[in-house]
Amino acid sequence: MEIRSEDELRDLYGSPSERAVRKQMATLDQHCRTFIAHSPFLVLGTGGADGSLDVSPKGDAPGFVAVLDDRTLLLPDRPGNNRLDGLRNLVQNPHVGLIFFIPGVQETLRVNGRGRITTDEALLAPLAVQGRLPRTGLIVAVEEVYLHCAKALIRSQLWDPARQVERSKLPSLGKMLADQIGMDVAESERMTEESIRNRLY
């Protein structure tokens with residue numbers, strides 16, 4: 001049977017607890033600010049005008065996302081592959097979703113809101129690394145924010161060192177990309193190494 005309505009979902013799952021409903025806030029309180037200040041990694045979700053979706057990892061030193069005020073975040077855009085999947089979506093559709101992670105902490109922080117891209121140097125200057133300003137920043141107007149319980153990370157044992165997969169279990173990125181797009185492996189490996197060496201910031 002295929003579920004086709006929210007009523008069918010509620011019949012199957014029931015209603016959320018009062019605490020699960022009430023934990024959703026419209027502003028960043030001290031607990032949210034502390035979580036963001038300790039987070040070196042997040043996942044950013046965006047959607048295009050055509051309904052297509054993109055989820056991208058973003059990471060830097062803990063606290064790399066600036067809290068401008070109780071309802072506003074500023075996320076620096078560091079150099080990448082220039083596909084611009086998320087940024088292209090944002091100029092079509094401002095809705096964004098973020099999940100912040102802290103290594104070793106089982107809970108996560110979820111933020112939903114509306115984003116806009118800025119090149120304002122005065123805003124971006126505090127986010128410079130090694131003297132390099134981000135080319136752009138994502139300003140997120142917070143609409144919903146809440147802490148997410150630990151069940152998913154407990155089930156996955158994400159932070160358990162004993163569960164870490166040895167990198168040798170997978171081919172290198174250069175090798176995998178070379179196989180996928182039909183290019184020379186040595187050249188693909190060189191491009192991967194050069195990108196990491198010269199384009200982190």
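This one's a predicted model, so the numbers in the text were calculated from it and none came from an experiment.
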Under 4.5 Å between side-chain heavy atoms, hopping through other hydrophobics if needed: is there a path connecting [X] to [Y]?
{"X": "Val105", "Y": "Leu147", "result": "yes"}
{"X": "Val140", "Y": "Leu124", "result": "no"}
{"X": "Leu123", "Y": "Val67", "result": "no"}
{"X": "Ile117", "Y": "Leu74", "result": "no"}
{"X": "Leu158", "Y": "Ile154", "result": "no"}

If every non-hydrogen atom of [X] is compared with every non-hydrogen atom of [Y], which pair is closest and at what distance?
{"X": "Glu189", "Y": "Gly174", "value": "OE1-CA, 3.7 Å"}
{"X": "Ile196", "Y": "Leu200", "value": "O-CG, 3.4 Å"}
{"X": "Pro126", "Y": "Ala122", "value": "CD-O, 3.5 Å"}

To the nearest 0.5 angstrom, please state how far the [atom1] atom of [X] sits from the [atom2] atom of [Y].
{"X": "Gln106", "Y": "Cys149", "atom1": "CD", "atom2": "SG", "answer": "10.5 Å"}
{"X": "Ser17", "Y": "Arg22", "atom1": "OG", "atom2": "CZ", "answer": "10.5 Å"}
{"X": "His148", "Y": "Thr108", "atom1": "NE2", "atom2": "OG1", "answer": "5.5 Å"}
{"X": "Met176", "Y": "Ile181", "atom1": "CE", "atom2": "CD1", "answer": "12.5 Å"}
{"X": "Ser5", "Y": "Glu8", "atom1": "OG", "atom2": "CD", "answer": "3.5 Å"}
{"X": "His31", "Y": "Met25", "atom1": "NE2", "atom2": "CE", "answer": "8.5 Å"}

Salt bridge (Lys or Arg N to Asp or Glu O under 4.0 Å) with [X]: which residues, sequence neighbours excluded?
{"X": "Arg132", "value": "none"}
{"X": "Asp60", "value": "Arg78"}
{"X": "Glu166", "value": "none"}

Apart from Leu170 itself, its cluster of hydrophobic side chains linked below 4.5 Å comprises none
Which residues, ordered by chain and number, are linked to Leu173 in its hydrophobic cluster, where ILVMFWY side chains connect at heavy-atom gaps below 4.5 Å, directly or through other members?
-> Leu177
Would you say [atom1] of [X] has more than 12 non-hydrogen atoms from neighbouring residues, nucleotides or ligands within 6.0 angstrom?
{"X": "Arg4", "atom1": "CZ", "value": "no"}
{"X": "Met191", "atom1": "CE", "value": "no"}
{"X": "Glu6", "atom1": "CD", "value": "no"}
{"X": "Arg33", "atom1": "CZ", "value": "yes"}

Just by distance, with hydrogens left out, do Asp50 and Ser52 show a side-chain donor and acceptor under 3.5 Å apart?
-> yes
Side-chain heavy-atom pair [X], [Y] within 4.5 angstrom cut-off:
{"X": "Glu121", "Y": "Leu133", "answer": "yes"}
{"X": "Pro103", "Y": "His38", "answer": "no"}
{"X": "Asp77", "Y": "Lys58", "answer": "yes"}
{"X": "Glu143", "Y": "Asn112", "answer": "no"}
{"X": "Leu42", "Y": "Leu75", "answer": "yes"}
{"X": "Leu109", "Y": "Val145", "answer": "yes"}

Output yes when a side-chain donor or acceptor of [X] lies under 3.5 Å from a complementary backbone atom of [Y], and no otherwise.
{"X": "Arg71", "Y": "Ala26", "answer": "yes"}
{"X": "Thr34", "Y": "Gln30", "answer": "yes"}
{"X": "Ser156", "Y": "Ala152", "answer": "yes"}

What do the steps show when you test Val65 against Leu98 for side chain to side chain contact (heavy atoms under 4.5 Å, CB included), and what is the final call?
-> CA-CA 11 Å; Val65 175; Leu98 304 91; 5.9 Å; no
Sequence neighbours excluded, which residues qualify as ring pair (Phe, Tyr, Trp, His ring centres under 6.0 Å) partners of Tyr146?
-> none
Phe64: partners by ring pair (Phe, Tyr, Trp, His ring centres under 6.0 Å), with sequence neighbours left out | none
Among Ile139, Val96, Ile36, the one residue meeting side chain to side chain contact (heavy atoms under 4.5 Å, CB included) with Leu73 | Ile36
Evaluation steps, side chain to side chain contact (heavy atoms under 4.5 Å, CB included), between Val55 and Leu53 = CA-CA 7 Å; Val55 179; Leu53 301 174; 5.8 Å; no
Less than 4.0 Å between a side-chain N and a carboxylate O, is that true for Glu194 and Arg197?
-> no
Which pairs pass side-chain hydrogen bond (donor to acceptor under 3.5 Å, both in side chains) with one or both residues in residues 91-105, sequence neighbours excluded?
-> none
With [X], which residues qualify under side chain to side chain donor-acceptor pair (under 3.5 Å), at least two apart?
{"X": "Arg163", "result": "Gln157"}
{"X": "Asp120", "result": "none"}
{"X": "Asp85", "result": "Arg83, Arg88"}
{"X": "Thr119", "result": "none"}

Quick one: sort the Phe101 and Phe41 rings into parallel, tilted or perpendicular, breaks at 30° and 60°.
-> tilted
